[in-house]
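As structure tokens, the structure follows; a few thoughts come after it.
Within every chain, numbering begins at 1; the chains are lettered A, B, ... in the order of the sequence lines, protein sequences first and strands thereafter. What you see below is based on every heavy atom in this structure, not just the backbone, and it leaves out hydrogens, waters and symmetry mates.
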There are 2 protein chains.
Amino acid sequence: MTKSIENLKKSGLKITPQRVAIVEFLSEYGHLSISKMYELVKEKFPSISLATIYKNVNAMIDNGFLKEVKIIGQDSRYELNYGEHSHVVCKECGKVVDIDIDTQTLFKEAEEKSTIKVESSSMVFYGICGECAKGHL
Amino acid sequence: MTKSIENLKKSGLKITPQRVAIVEFLSEYGHLSISKMYELVKEKFPSISLATIYKNVNAMIDNGFLKEVKIIGQDSRYELNYGEHSHVVCKECGKVVDIDIDTQTLFKEAEEKSTIKVESSSMVFYGICGECAKGHL
DNA sequence: CTAAATGCAAAGCATTTGCAAATAT
DNA sequence: ATATTTGCAAATGCTTTGCATTTAG
């Protein structure tokens, strides 16, 4: 069993085949929108309901197993919650790339400048990826 | 006439009293959710429709006059588009504070690590503000 | 065995759209 | 004068809820 499924078990939720599928697709793809997740899981479990996707994603966010990534102009993506990291999004094709940025220094800076005690962050960079840029030649 | 209204004029949209009110409230408050904006403008123009708020906000985003700030767990806020800066949000009371962070260095770093040419970013820090922290004593 | 999860249909909300009347330029 | 904007009501679309049935532990 993969590490993610072990963690899911620890989260207190029951291990249903639908949930396993969601977690496996998230491990494989990294980030998924609700509709893409539904599409993928539906191939394995044609009877799955969109409501089940929503219920599970919400439950997994509530217990900290998943994280939402809000993206301007695109559907939110959901990902396994594995510590602080940032995202770079292609505005054209929607591809999302994870990157590590030293957020500790930034946290401190944000804290000093705002006088709000910072606990987490969401950093999203927007641009055009190589493949999409080629398409504009 | 304030600088913001001058800029609105330049944006190509007609200057209606409703639009002036939206821009003035945004200048005053810095960031507003749709519902707060509606509430405020409605005091001045009781007949304004929520649809008008939406149409105007969308039109002003489309021409780059406004910017959306997506916030996890809270309604999006809208602000006048005045160059790159970051936001610190209190998770409890929803207060949003603007801060300047040197994004150029981060852009470069994000670009190198992702191989996506970065053009803009949205950086939001989350925490608990002083007043809300006091409430927990 | 029983508490939780699924799947369906219905309900709920936020946002958008269509259109006639009003307004900015 | 005319193209745009407003405001209303209706439509859309995403998300949640209620409930009977099924399932995990």
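Regarding B/Ile48, its CD1 atom lies at a distance of 14 Å from the P atom of D/dT5, rounded to whole Å. Residue B/Leu13 contributes atom CG, which lies 10 Å from atom C1' of D/dT4 at whole-angstrom precision. Taking atom NZ of residue A/Lys14 and atom P of nucleotide C/dC1, one finds them 15 Å apart after rounding to whole Å. Across the protein-nucleic acid pair, A/Asn58 atom CG and D/dT17 atom P stand 9 Å apart, rounded to whole Å. Atoms CD1 (A/Ile15) and P (C/dA5) sit 10 Å apart, rounded to a whole Å. As a whole-Å value, the separation of B/Asn56 CG from C/dA24 P is 13 Å. Here D/dC14 presents its C1' atom at 17 Å from CD of A/Gln74, a figure rounded to the nearest Å. As a whole-Å value, the separation of A/Leu50 CG from C/dA10 C1' is 15 Å.
Residue B/Gln18 has no polar side-chain atom (N or O) positioned under 4.0 Å from OP1 or OP2 of C/dT23. Contact annotation: B/Thr16 does not reach the phosphate of D/dT4 (side-chain N/O to OP1 or OP2, under 4.0 Å).
A donor-acceptor contact under 3.5 angstrom links the side-chain atoms of A/Lys55 to the base of C/dG7.
Contact record, A/Lys70 with B/Gln74: NZ-O, 4.1 Å, taken as the closest heavy-atom pair.
For the pair B/Lys42 and B/Arg19, nearest-nucleotide mapping onto DNA chain D gives the more 5' position to B/Arg19.
Between the side chains of B/Glu68 and B/Ser76, at least one donor-acceptor pair of N or O atoms lies under 3.5 Å.
Between B/Phe25 and B/Tyr29, the ring planes are tilted. Angles from 30° to 60° get that label.
Under the 4.5 Å side-chain heavy-atom criterion for ILVMFWY residues, a single connected hydrophobic cluster contains both A/Leu26 and A/Ile61.
Heavy atoms of B/Pro17 sit under 4.0 angstrom from primed sugar atoms or phosphate atoms, though from no base atom. Residue contacts for B/Thr52: at a heavy-atom cut-off of 4.0 Å it reaches a base atom on one of the strands shown.
When the options B/Lys67, B/Met60, B/Met37 are evaluated for a side-chain contact (heavy atoms from CB on, under 4.5 Å) with B/Tyr78, the one that passes is B/Met37.
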